[in-house]
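Residue numbers count from 1 along this sequence.
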Amino acid sequence: MLSPKRVKWRRQHRGTWKGMAMRGSKLAFGDFGLAATESGCLTARQLEAGRIAVSRSVKRGGKLWLRVFPDLPLTRKPAETRMGSGKGNPELWVCKILPGRILFEMNGVTREQAAAAFRLAAHKLPFKTRFVARE
């Protein structure tokens with residue numbers, strides 16, 4: 001699964017999750033893409049599950065780009081721990097996803113193949129998505 005090799009700070013603030021995606025909202029590499037229509041938190045496991053679903057659907061044909069990277073650590077405190085005594089330990093890595101953000105891009109396959117593959121990937125993601133294609 002994806003995670004940063006090293007980080008400056010072990011624990012981070014979660015920040016705001018409002019508005020539309022300003023960057024990464026246009027196709028840059030491939031002819032077809034999967035864009036988020038809702039905001040949410042995409043974990044490294046969910047991203048990997050979507051990638052595997054796409055690559056298996058097109059039988060490893062074409063080229064696939066991941067346009068997001070899980071670089072935000074989410075912390076959890078152990079079960080049955082009293083309040084206080086600091087922030088918990090990092091448990092998982094997530095990407096902050098805003099509406100309009102392109103998640104995956106694909107090239108070298110037909111439109112029908114790409115749409116079918118991205119539909120399978122969309123079932124693995126925790127928010128609504130839409131299929132986009134280059135005009």
Side-chain angles (χ1 to χ4, degrees):
M1 281 177 297
L2 294 173
S3 66
K5 285 189 174 66
R6 55 188 297 270
V7 289
K8 189 168 185 180
W9 308 110
R10 193 159 160 252
R11 302 174 177 114
Q12 289 182 21
H13 291 224
R14 283 187 289 275
T16 60
W17 303 69
K18 296 179 183 176
M20 298 287 288
M22 303 302 283
R23 298 163 185 246
S25 57
K26 293 186 174 59
L27 291 175
F29 304 103
D31 292 334
F32 310 106
L34 187 69
T37 56
E38 297 177 341
S39 63
C41 189
L42 182 64
T43 68
R45 284 179 181 272
Q46 291 164 344
L47 185 63
E48 181 69 6
R51 184 194 66 79
I52 289 170
V54 170
S55 64
R56 284 185 180 161
S57 173
V58 295
K59 298 182 173 50
R60 294 193 317 225
K63 176 137 179 66
L64 179 69
W65 289 271
L66 301 181
R67 294 287 309 274
V68 292
F69 186 80
D71 59 351
L72 182 69
L74 285 192
T75 61
R76 298 235 170 98
K77 290 180 77 81
E80 300 179 8
T81 306
R82 292 188 179 189
M83 292 288 103
S85 71
K87 197 172 167 87
N89 293 325
E91 289 288 318
L92 65 154
W93 294 91
V94 300
C95 342
K96 188 187 294 190
I97 304 295
L98 295 176
R101 178 74 189 210
I102 302 286
L103 307 170
F104 300 101
E105 287 191 37
M106 190 186 291
N107 206 355
V109 294
T110 65
R111 184 186 177 95
E112 292 75 27
Q113 283 179 314
F118 286 146
R119 185 166 39 256
L120 290 175
H123 290 299
K124 313 287 183 192
L125 305 178
F127 39 76
K128 292 181 183 169
T129 58
R130 66 186 171 88
F131 178 76
V132 292
R134 198 181 297 275
E135 282 80 29

**Request:** Taking all non-hydrogen atoms of both residues into account, name the closest pair between Ile52 and Ser55 and its distance.
**Result:** O-OG, 3.1 Å
**Asked** Would you say the side-chain atoms of Thr129 pair up with the backbone N or O of Leu34, donor to acceptor, closer than 3.5 Å?
**Response** no
**Complete:** Smallest heavy-atom separation, Asn107 atom then Gly30 atom, equals CB-CA, 4.0 Å
**Asked** Between Arg101 (side chain) and Ser39 (backbone), is there a donor-acceptor pair under 3.5 Å?
**Response** no
**Request:** State whether the number of non-hydrogen atoms from other residues, nucleotides or ligands found under 6.0 Å of Arg10 atom CZ is greater than 12.
**Result:** yes
**Request:** Carefully, step by step, assess Val7 and Trp93 under the rule side-chain contact (heavy atoms from CB on, under 4.5 Å).
**Result:** CA-CA 12 Å; Val7 289; Trp93 294 91; 3.7 Å; yes
**Request:** Taking the side chain as every heavy atom from C-beta outward, state whether Ser57 and Arg119 have any atom pair closer than 4.5 Å.
**Result:** no
**Asked** Checking Lys96 side chain against Thr16 main chain: does a donor-acceptor pair fall under 3.5 Å?
**Response** yes
**Request:** Examine distances only and state if a side-chain atom of Arg76 and a backbone atom of Gly88 form a donor-acceptor pair shorter than 3.5 Å.
**Result:** no
**Prompt:** Considering residues, nucleotides and ligands other than Lys128, do more than 12 of their heavy atoms fall under 6.0 Å from its NZ?
**Reply:** no
**Request:** Would you give the length of the straight line joining atom CE of Met22 to atom CG of Leu98, rounded to the nearest 0.5 angstrom?
**Result:** 10.5 Å
**Prompt:** Quick one: hydrophobic cluster around Trp9, which other residues, with the 4.5 Å side-chain cut-off, linked directly or via members?
**Reply:** none
**Request:** Would you indicate whether Arg134, at its atom CZ, is surrounded by more than 12 heavy atoms from other residues, nucleotides or ligands within a distance under 6.0 Å?
**Result:** yes
**Asked** Can you list the residues that meet the side-chain hydrogen bond (donor to acceptor under 3.5 Å, both in side chains) rule with Thr43, with sequence neighbours excluded?
**Response** Gln46
**Request:** Decide whether Phe104 and Leu2 are clustered together by the hydrophobic rule: side chain heavy atoms of Ile, Leu, Val, Met, Phe, Trp, Tyr closer than 4.5 Å, transitively.
**Result:** yes
**Prompt:** What residues form a side-chain hydrogen bond (donor to acceptor under 3.5 Å, both in side chains) with Glu38, not counting sequence neighbours?
**Reply:** none
**Prompt:** Is it true that a side-chain atom of Glu105 and a backbone atom of Ala28 form a donor plus acceptor pair closer than 3.5 Å?
**Reply:** yes
**Message:** Would you call the rings of Phe131 and Phe32 parallel, tilted or perpendicular, taking 30° and 60° as the class edges?
**Reply:** parallel
**Prompt:** Do you know which two heavy atoms are closest between Val54 and Ala117, and how far apart they sit?
**Reply:** CG2-O, 3.8 Å
**Request:** Identify the two heavy atoms, one from Val109 and one from Ala114, that lie closest to each other, and give their separation to 0.1 Å.
**Result:** CG2-CB, 3.9 Å
**Asked** So, for Pro70 and Pro4, which heavy atoms are closest and what is the spacing to 0.1 Å?
**Response** O-CD, 3.6 Å
**Request:** Go through the steps for Met106 and Val58 under the test side-chain contact (heavy atoms from CB on, under 4.5 Å), then give the verdict.
**Result:** CA-CA 10 Å; Met106 190 186 291; Val58 295; 4.1 Å; yes
**Asked** Between atom CG of Leu42 and atom CG of Leu47, what is the distance when rounded to the nearest 0.5 Å?
**Response** 5.0 Å
**Request:** Find out if a path of hydrophobic residues (ILVMFWY) with successive side-chain heavy-atom gaps under 4.5 Å connects Ile102 to Phe127.
**Result:** no
**Asked** Are Leu64 and Leu103 connected in the hydrophobic side-chain network, where two residues link if heavy atoms are under 4.5 Å apart?
**Response** yes
**Asked** Mind checking whether Val68 and Phe118 sit in one hydrophobic cluster, side chains of I, L, V, M, F, W, Y counted as touching below 4.5 Å?
**Response** yes
**Request:** Using the test side-chain hydrogen bond (donor to acceptor under 3.5 Å, both in side chains), find all partners of Thr75 that sit at least two apart in sequence or belong to another chain.
**Result:** none
**Request:** Using the ring pair (Phe, Tyr, Trp, His ring centres under 6.0 Å) rule, collect all pairs that involve residues 59-84, keeping only residues at least two apart or in two chains.
**Result:** Phe29-Trp65
**Request:** Measure across Ala36 and Ile97 and return the closest heavy-atom pair with its distance rounded to 0.1 Å.
**Result:** CB-CG2, 3.6 Å
**Complete:** With sequence neighbours left out, the residues meeting salt bridge (charged side-chain N to carboxylate O under 4.0 Å, His left out) with Arg130 are none
**Message:** Membership question, hydrophobic clusters at under 4.5 Å side-chain separation (ILVMFWY): are Leu66 and Leu72 in the same one?
**Reply:** no
**Request:** Verify salt bridge (charged side-chain N to carboxylate O under 4.0 Å, His left out) between Arg45 and Glu48, making sure each step is shown before the conclusion.
**Result:** CA-CA 5 Å; Arg45 284 179 181 272; Glu48 181 69 6; over 6 Å; no
**Message:** So, taking the atom named SG in Cys95 and the one named CG in Asp71, what distance separates them when rounded to the nearest 0.5 Å?
**Reply:** 7.0 Å
